[in-house]
Asker: 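Below: one structure in C-alpha cells.
Note on naming: letters A, B, ... go to the chains in the order of the sequence lines (proteins, then strands), and numbering restarts at 1 for each one.
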Amino acid sequence: GNSVTQMEGPVTLSEEAFLTINCTYTATGYPSLFWYVQYPGEGLQLLLKATKADDKGSNKGFEATYRKETTSFHLEKGSVQVSDSAVYFCALSVVSGGYNKLIFGAGTRLAVHP
Amino acid sequence: GAVVSQHPSRVICKSGTSVKIECRSLDFQATTMFWYRQFPKQSLMLMATSNEGSKATYEQGVEKDKFLINHASLTLSTLTVTSAHPEDSSFYICSARGKEPGLINQPQHFGDGTRLSIL
C-alpha cells in the first residue's frame with residue numbers, strides 16, 4: 001500500500017540550529033512528494049515538492065531531495081528561525097480510484113526557541 | 001496565486017443542527033476539490049473527493065448521508081454536516097486543484113480550515 005512515515009515530534013530547537021525532519025514512504029508506481037507546513041489554527045501551505053527521483057525541492061531555506069533508493073524525502077534547513085515553528089507534513093501523491101490523492105504523514109511539530 | 005478561501009473559520013452550534021462549510025478557489029478554476037478532517041494533533045484524513053458537476057467519491061468509513069458534498073461550479077464546493085453531534089466536532093479543511101494541461105501531480109492548495117464545535 002501507500003503510506004508516509006515521519007519522525008515523531010515535537011522537535012525543539014534553538015534559533016539558528018540545523019533542522020532535519022525524516023520522512024520515508026512506501027508507494028506503488030512513481031509518486032510525487034511534498035512537504036506542507038501548518039501554522040496554528042490555519043490550513044496547510046505547500047512548502048516544496050519533487051516529482052521524480054533525485055529532484056530537490058527548495059523554498060524559504062528549506063530543502064528536500066527525492067531519494068528513490070532509500071524511499072526518503074527528508075526535510076532540512078540550515079538555520080531555523082522562531083517563525084518556522086509549525087507542524088510539518090510529508091505527503092505523497094498517488095493515483096487511486098481514478099483520482100490523484102494526497103497521503104499524509106502524521107506530522108511533526110517543530111518548536112524553535114530564541 | 002492559487003488562493004483557496006474557506007468559510008466560516010469557526011462554527012459553534014447546538015447538537016442536531018446542520019452546518020454548511022464553503023470552499024472557494026479565488027483565482028483559478030478548481031476541477032477537483034478535496035475535503036479533509038483533522039483531529040487534534042493528528043494528520044489529515046481524506047473524507048471525499050469531488051469533481052465539478054459530478055458526485056463526490058467518499059473514502060471508506062465516511063457516511064455520505066452525514067457529510068453532504070456539492071461541487072456545483074469550478075470555484076465552489078460545499079460540505080454540509082447534517083444533524084451534527086458532538087463527535088462531529090473537528091477541524092475540517094478543504095483543498096482544491098486546478099487543471100493544468102501537461103502537468104501531472106500538480107499540488108493541492110488548501111483553505112485555512114473550519115473549526116466545528118458541536119455542543
Side-chain angles (χ1 to χ4, degrees), chain A residues 1-10 21 23 25 27 29-53 55 57 59 66 73 86-111, chain B residues 1-10 21 23-25 30-52 54-60 62 71 91-100 102-115:
Chain A
N2 301 303
S3 66
V4 176
T5 302
Q6 285 181 242
M7 64 187 286
E8 280 191 36
I21 300 178
C23 171
Y25 68 91
Y30 303 95
S32 289
L33 301 174
F34 305 86
W35 276 100
Y36 283 87
V37 58
Q38 184 179 34
Y39 298 100
E42 298 183 12
L44 273 66
Q45 299 175 27
L46 177 65
L47 182 59
L48 53 85
K49 66 175 182 177
T51 58
K52 61 183 187 298
D55 267 4
N59 185 27
Y66 189 144
F73 193 54
V87 180
Y88 292 82
F89 291 94
C90 184
L92 63 84
S93 178
V94 292
V95 176
S96 177
Y99 295 98
N100 238 353
K101 297 181 181 178
L102 278 177
I103 297 174
F104 289 91
T108 302
R109 185 174 300 276
L110 170 66
Chain B
V3 177
V4 175
S5 173
Q6 194 171 333
H7 178 80
S9 58
R10 187 176 183 96
I21 303 169
C23 181
R24 293 180 184 271
S25 56
T31 50
T32 307
M33 285 188 168
F34 303 83
W35 287 95
Y36 295 85
R37 184 172 180 175
Q38 185 181 31
F39 291 100
K41 298 185 179 180
Q42 294 187 28
S43 190
L44 281 72
M45 301 301 295
L46 180 64
M47 298 174 66
T49 303
S50 71
N51 285 310
E52 184 264 339
S54 60
K55 289 185 179 180
T57 300
Y58 289 80
E59 296 298 304
Q60 194 170 8
V62 178
H71 190 164
F91 193 53
Y92 293 88
I93 304 176
C94 75
S95 71
R97 187 174 62 216
K99 186 177 181 181
E100 296 175 67
L103 183 65
I104 62 172
N105 283 330
Q106 60 269 45
Q108 296 177 23
H109 304 284
F110 286 80
D112 280 345
T114 298
R115 184 159 304 283

Asker: Check this for me: A:E8, atom CD, are more than 12 non-hydrogen atoms of other residues, nucleotides or ligands nearer than 6.0 Å?
Answerer: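 Open.
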
Asker: Could you go through B:Q38 and A:F104, starting from their C-alpha distance and side-chain angles, then the distance that decides it, and tell me whether this counts as side-chain contact (heavy atoms from CB on, under 4.5 Å)?
Answerer: CA-CA 11 Å; B:Q38 185 181 31; A:F104 289 91; over 6 Å; no

Asker: Quick one: CD on A:Q45 to CG on B:D112, what's the gap to the nearest 0.5 Å?
Answerer: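 Answer rounded to 0.5 Å: 7.5 Å.
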
Asker: Give me the atom names and distance for the closest heavy-atom approach of B:F91 to A:Q38.
Answerer: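 The pair with the smallest heavy-atom distance is CE2-NE2, 3.7 Å.
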
Asker: Walk me through it: do A:L102 and B:R97 pass the test side-chain contact (heavy atoms from CB on, under 4.5 Å)?
Answerer: CA-CA 11 Å; A:L102 278 177; B:R97 187 174 62 216; over 6 Å; no

Asker: Quick check on B:L44 against chain A: is it the side chain, the backbone, both or neither that has a heavy atom closer than 4.5 Å?
Answerer: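 For B:L44, the contact with chain A is made by backbone and side chain together.
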
Asker: Is the number of heavy atoms from other residues, nucleotides or ligands within 6.0 Å of CE (B:M45) greater than 12?
Answerer: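 Open: at most 12 neighbouring heavy atoms sit under 6.0 Å from CE of B:M45.
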
Asker: Less than 4.5 Å to any heavy atom of chain B: does that hold for the side chain of A:Y39, its backbone, both, or neither?
Answerer: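 Neither; nothing under 4.5 Å.
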
Asker: If only atom types and distance count, is the side chain of B:S43 paired as donor or acceptor with the main-chain N or O of A:G105 below 3.5 Å?
Answerer: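 Yes.
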
Asker: State, to 0.1 Å, how close B:F110 and A:L44 come at their nearest heavy-atom pair, and which atoms those are.
Answerer: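 Where B:F110 meets A:L44 most closely, the heavy atoms are CB-O, 3.1 Å.
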
Asker: Rounded to the nearest 0.5 Å, what separates atom NZ in A:K101 from atom CD in B:Q108?
Answerer: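 These two atoms lie 11.0 Å from each other.
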
